[in-house]
Structure formats: structure tokens, C-alpha cells
Colleague: 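Below is one structure. I have some questions about it.
Basis for what follows: all heavy atoms, side chains included, without hydrogens, waters or symmetry-related copies.
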Amino acid sequence: MTYLPSLFAFLISLFASVIGAICGIGGGVIIKPVLDLFSIADVAAASFLSCCTVCSMSCYSVIRSLRAGGGEVDLKVSTPLSVGAAIGGIAGNRIFSLVKSLFDDPDTVGAPQALCLALITVGTLIYTLNKERIHTLRVTNKAVCLLIGGGLGIMSSFLGIGGGPINLVVLFFFFSMETKIAAANSLYIILFSQVLNLITTLISGSVPAFAWSMLLLMITGGIAGGMIGRAVNKKIDGKTVDKLFIALMAVIILMSIYNTLKYSVL
């Protein structure tokens, strides 16, 4: 039935956004690989739908966090990071378009995307498991923050994931943030980068074909997931968030390896 893919996409977005709001990964790092895994949309459409969903979820979560006034978002650090990520996102989009043009079948770009995501997630998992033994930094220089944010934006935009686990490792290592504080700041960065990414896509006229019913349901799932995830985040401690994050990364690695093999044989 034609409505089943949209309904499934809604459920994916809802689940991913709940986890994303709890861990601060936005949800795109789950949505994009799952859409690819089940071939619910082509690679370009999956990236666009993921971006829109992440925008909706992170917008809700960030507005609620700022209105609460709990000091979770460090604006002095996260704002230059966000600006850098937004600029890097434009570059990441262009790199994606360039790599996509190298293949006769546009969906084959899913192979390098999935492989990069698998490698980055493996590195993130290794760091997370050993972070208690790693000496961290406290970067405050705005120019350095811009450069770090630019790197985040390029990777997240090319991978179509919004930011995901990469943001958290950067916030852990370069800014010595505690898990739940890093989650709040990660969503703030994701919001900036994904909004500009979306605007750039619209202005450039490179919006891929997609089903409007799927987009609307995924945005609804994103906002609902943000509401649920934020409520759950308040009730659990940082160690529980870490365990959930580790389990999630293991699943993402497996999906990414499968997607790499899947798109390599197209």
C-alpha cells in the first residue's frame, strides 16, 4: 500500500528523534542509514528528508532549552561552532554533489557515504569507551571554534546525518563538556548547520523528488520525538545516556557496513 512507506518513515523519525534528543545526536545518524537500509527513498531524497526532520526536532529542543534558562547551552562556545558548522555544511553539500556526479547511478554515492559514516562511528565508539582516560581540552578561541565547527559541518552535511556522534566527541574532547551538557550544545550546533543546509538546498534548486506525505509525517515524528526525548533526558543520568549512545553506535556501524556493501554492487 502506498501509505506504508510514509508511515514507516514516521515511525523511524519518531524513534530516531527520541534517541537523538536524549543523546544530542539529532536523529539524522539513525534516519539516513535506516532509509537507505530499507530503500524507502533514493540517497539524495533520504538526505533531504533527514535534514528536514532533524531541523524540526532540534528547533523544538533548542527553543525549550533556551527558554528553560538552565545554562545547558554555552552560547560563547557553541555559537561560533554553529556558525562554522553552517558554513562547512555548504561545502559538504557541494562535495556530496561532486561525488554523486562521479557515478552513472546517483544512488551509488550511498557507498562512500555509508563507509565514511562507519569509519567515523567506529572512531567515535573507541573514543567514548576510553574517554575517562583521555585528557581533554578547553578551547575558548573563537577562530579555532569556527574552524572546528567548519569540519563538523562538512562531515555532517556530506553524510546527510545532521551532526550525530561526531558533535559529541568534539564537545567532549575540545571543550571538556559533561555528557548531558554536550547533548544540549550538540543540538544547538545541529540546528544552525541544518537550517542553513536546508536554505542552501532550496535556493540552489537542488531539492530532490520526494513524497510530501512522507515529509510531513517525518517532521511530525521529529517534533514529537523531540518532546518525548527531552522529557526522558531530564529523568536519566549521564551514565545511562552514555550506555544508550554506545549501543546506538554499534547498531549504526552494522547498518553502515551493510549499506556500503549494498550500494557498492548497484
Colleague: Can you find a heavy atom in the side chain of Phe175 that is under 4.5 Å from one in the side chain of Ile148?
Modeller: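 Answer yes - side chains close enough.
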Colleague: Any donor-acceptor pair under 3.5 Å linking the side chain of Asn185 with the backbone of Ile181?
Modeller: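 Yes, because the side chain of Asn185 sits within donor-acceptor range (under 3.5 Å) of the backbone of Ile181.
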Colleague: Do Met57 and Ile63 belong to the same hydrophobic cluster, where Ile, Leu, Val, Met, Phe, Trp and Tyr are linked whenever their side-chain heavy atoms lie under 4.5 Å apart, directly or via other members?
Modeller: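 Result: no, two separate clusters.
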Colleague: Is there a side-chain contact (heavy atoms from CB on, under 4.5 Å) between Ile253 and Ile257? Walk through the geometry before answering.
Modeller: CA-CA 6 Å; Ile253 290 168; Ile257 292 172; 3.9 Å; yes
Colleague: Once you measure the plane-to-plane angle for Tyr127 and Phe172, does it fall in the parallel (<30°), tilted (30-60°) or perpendicular (>60°) bin?
Modeller: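 Parallel.
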Colleague: Does the Ser39 side chain pair with the main chain of Leu35, one donor and one acceptor, at a distance under 3.5 Å?
Modeller: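 Not at all, since once roles are kept as given, no pair shorter than 3.5 Å links the two residues.
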Colleague: Judged by modelled atom types alone, do Thr179 and Lys131 share a side-chain donor-acceptor pair under 3.5 Å?
Modeller: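 Note: Thr179 and Lys131 side chains meet the donor-acceptor criterion.
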Colleague: Can you name the residues that form a salt bridge (Lys or Arg N to Asp or Glu O under 4.0 Å) with Asp42, not counting sequence neighbours?
Modeller: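 None.
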Colleague: Using only atom types and a distance under 3.5 Å, with no angle test, would you say the side chain of Lys262 pairs donor to acceptor with the backbone of Asp36?
Modeller: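 At least one qualifying donor-acceptor pair exists.
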Colleague: Glu178 side chain to Gly238 main-chain N or O, any donor-acceptor pair under 3.5 Å?
Modeller: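 Here the side-chain-to-backbone pair does not exist.
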Colleague: Just do the side-chain contact (heavy atoms from CB on, under 4.5 Å) check on Tyr258 and Leu254 with the steps written out, would you?
Modeller: CA-CA 6 Å; Tyr258 177 84; Leu254 293 175; over 6 Å; no
Colleague: If every non-hydrogen atom of Leu81 is compared with every non-hydrogen atom of Cys145, which pair is closest and at what distance?
Modeller: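 Here Leu81 and Cys145 meet closest at CD2-O, 3.3 Å.
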Colleague: Should Ile199 and Leu191 be counted in the same cluster of Ile, Leu, Val, Met, Phe, Trp and Tyr side chains packed under 4.5 Å apart?
Modeller: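 Per the 4.5 Å side-chain linkage, Ile199 and Leu191 are co-clustered.
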Colleague: Nearest 0.5 angstrom please: Phe192 CZ to Leu196 CG, how far?
Modeller: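 Answer rounded to 0.5 Å: 10.0 Å.
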Colleague: Looking only at heavy atoms, which two atoms of Val139 and Val77 are closest? And how far apart?
Modeller: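 Reported closest heavy-atom pair: O-CG2, 4.2 Å.
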Colleague: Quick one: do Ile25 and Ile166 satisfy side-chain contact (heavy atoms from CB on, under 4.5 Å)? Show the steps, please.
Modeller: CA-CA 8 Å; Ile25 59 172; Ile166 313 168; over 6 Å; no
Colleague: Rounded at 0.5 Å granularity, tell me how far CE in Met218 sits from SG in Cys51.
Modeller: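 Result: 10.5 Å between the selected atoms.
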Colleague: Would you say the side-chain atoms of Asp105 and Thr108 include a donor-acceptor pair closer than 3.5 Å?
Modeller: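 Side-chain D/A pair, Asp105 to Thr108: absent.
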Colleague: Taking the side chain as everything from C-beta on, heavy atoms only, tell me whether Val241 gets closer than 4.5 Å to Asp237.
Modeller: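 Not in contact.
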Colleague: Less than 4.5 Å apart, side chain to side chain, heavy atoms only: is that true for Met214 and Leu49?
Modeller: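 Yes. Closest side-chain heavy atoms under 4.5 Å.
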Colleague: Could you walk me through whether Ile30 and Ile19 pass side-chain contact (heavy atoms from CB on, under 4.5 Å), step by step?
Modeller: CA-CA 9 Å; Ile30 304 171; Ile19 303 299; 3.9 Å; yes
Colleague: Are side-chain heavy atoms of Ser157 and Phe96 found at a separation under 4.5 Å?
Modeller: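 When only atoms from C-beta onward are counted, Phe96 and Ser157 do not touch, as no gap falls below 4.5 Å.
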Colleague: Tell me the closest heavy-atom pair linking Ile219 and Cys52, and the distance in Å.
Modeller: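 Result for this residue pair: CG1-O, 4.2 Å.
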Colleague: Listed by chain and number, what are the side-chain contact (heavy atoms from CB on, under 4.5 Å) partners of Ile154, not counting sequence neighbours?
Modeller: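 Testing Ile154 for side-chain contact (heavy atoms from CB on, under 4.5 Å), a comparison that skips the adjacent residues, returns Ala91, Ile95.
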Colleague: Is the backbone N or O of Ala114 less than 3.5 Å from a side-chain atom of Asn259, with the two atoms forming a donor-acceptor pair by type?
Modeller: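 Absent.
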Colleague: OG1 of Thr53 to CD1 of Ile223: how many Å apart, nearest 0.5 Å?
Modeller: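 Answer rounded to 0.5 Å: 9.5 Å.
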Colleague: Using modelled atom types and a 3.5 Å cut-off, is there a donor and acceptor pairing between side-chain atoms of Ser17 and backbone atoms of Gly225?
Modeller: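 The answer is no, because no donor-acceptor pair under 3.5 Å joins these two groups.
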Colleague: Would you call Ser264 and Thr260 a side-chain contact if the rule is heavy atoms closer than 4.5 Å?
Modeller: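 Side-chain contact under 4.5 Å: yes.
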Colleague: Do you know the tightest heavy-atom contact between Pro33 and Leu117?
Modeller: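 Shortest heavy-atom separation between Pro33 and Leu117 comes out as CG-CD2, 3.7 Å.
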Colleague: Is any side-chain heavy atom of Lys32 closer than 4.5 Å to a side-chain heavy atom of Val43?
Modeller: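 Yes, side chains in contact.
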Colleague: For residues Pro112 and Val99, determine if any side-chain heavy atom of one lies less than 4.5 Å from a side-chain heavy atom of the other.
Modeller: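 When only atoms from C-beta onward are counted, Val99 and Pro112 do touch, with a gap below 4.5 Å.
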Colleague: Under a 4.5 Å side-chain heavy-atom rule over Ile, Leu, Val, Met, Phe, Trp and Tyr, are Val54 and Leu66 clustered together?
Modeller: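 Yes, because Val54 and Leu66 connect within a single hydrophobic cluster, where side-chain heavy atoms sit under 4.5 Å apart.
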Colleague: I need the minimum non-hydrogen distance between Ile22 and Asn233, along with the two atoms involved.
Modeller: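 Of all heavy-atom pairs spanning Ile22 and Asn233, the closest is O-ND2, 2.7 Å.
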Colleague: For the backbone of Asn167 and the side chain of Ser186, can you confirm whether one donor and one acceptor N or O come within less than 3.5 Å of each other?
Modeller: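 Between the backbone of Asn167 and the side chain of Ser186 there is no qualifying donor-acceptor contact (under 3.5 Å).
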Colleague: Just do the side-chain hydrogen bond (donor to acceptor under 3.5 Å, both in side chains) check on Ser61 and Tyr188 with the steps written out, would you?
Modeller: CA-CA 8 Å; Ser61 298; Tyr188 181 75; over 6 Å; no
Colleague: Working to the nearest 0.5 angstrom, can you tell me the gap between Cys23 SG and Met249 CE?
Modeller: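 Nearest 0.5 Å value for the SG-CE distance: 9.0 Å.
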Colleague: Ile120 and side-chain contact (heavy atoms from CB on, under 4.5 Å): which single residue from Leu125, Ile252, Leu159 fits?
Modeller: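 Single side-chain contact (heavy atoms from CB on, under 4.5 Å) partner of Ile120 among Leu125, Ile252, Leu159: Leu159.
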Colleague: Keeping to residues at least two apart or across chains, list the side-chain hydrogen bond (donor to acceptor under 3.5 Å, both in side chains) pairs with something in residues 205-214.
Modeller: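 Non-adjacent pairs meeting side-chain hydrogen bond (donor to acceptor under 3.5 Å, both in side chains): Ser6-Ser213, Ser204-Ser206.
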Colleague: Honestly curious: do Val251 and Val34 fall in one hydrophobic cluster under the side-chain, below-4.5 Å linking rule?
Modeller: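 Yes, same cluster.
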Colleague: Mind checking whether Met227 and Ile236 sit in one hydrophobic cluster, side chains of I, L, V, M, F, W, Y counted as touching below 4.5 Å?
Modeller: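 Yes; Ile236 is reachable from Met227 via cluster members.
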Colleague: Rounded to the nearest 0.5 Å, what's the gap from CG on Leu217 to OG on Ser13? Could you check?
Modeller: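 Answer rounded to 0.5 Å: 8.5 Å.
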Colleague: Determine whether Leu187 and Ser65 make a side-chain contact, defined as any pair of heavy atoms from C-beta on separated by less than 4.5 Å.
Modeller: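 The answer is no; the side chains never approach within 4.5 Å.
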Colleague: Measuring from Leu198:CG to Ser193:OG, what's the distance to the nearest 0.5 Å?
Modeller: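 The CG atom of Leu198 sits 11.0 Å away from the OG atom of Ser193.
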Colleague: Looking only at heavy atoms, which two atoms of Thr79 and Leu75 are closest? And how far apart?
Modeller: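 Minimum heavy-atom separation between Thr79 and Leu75: OG1-O, 2.8 Å.
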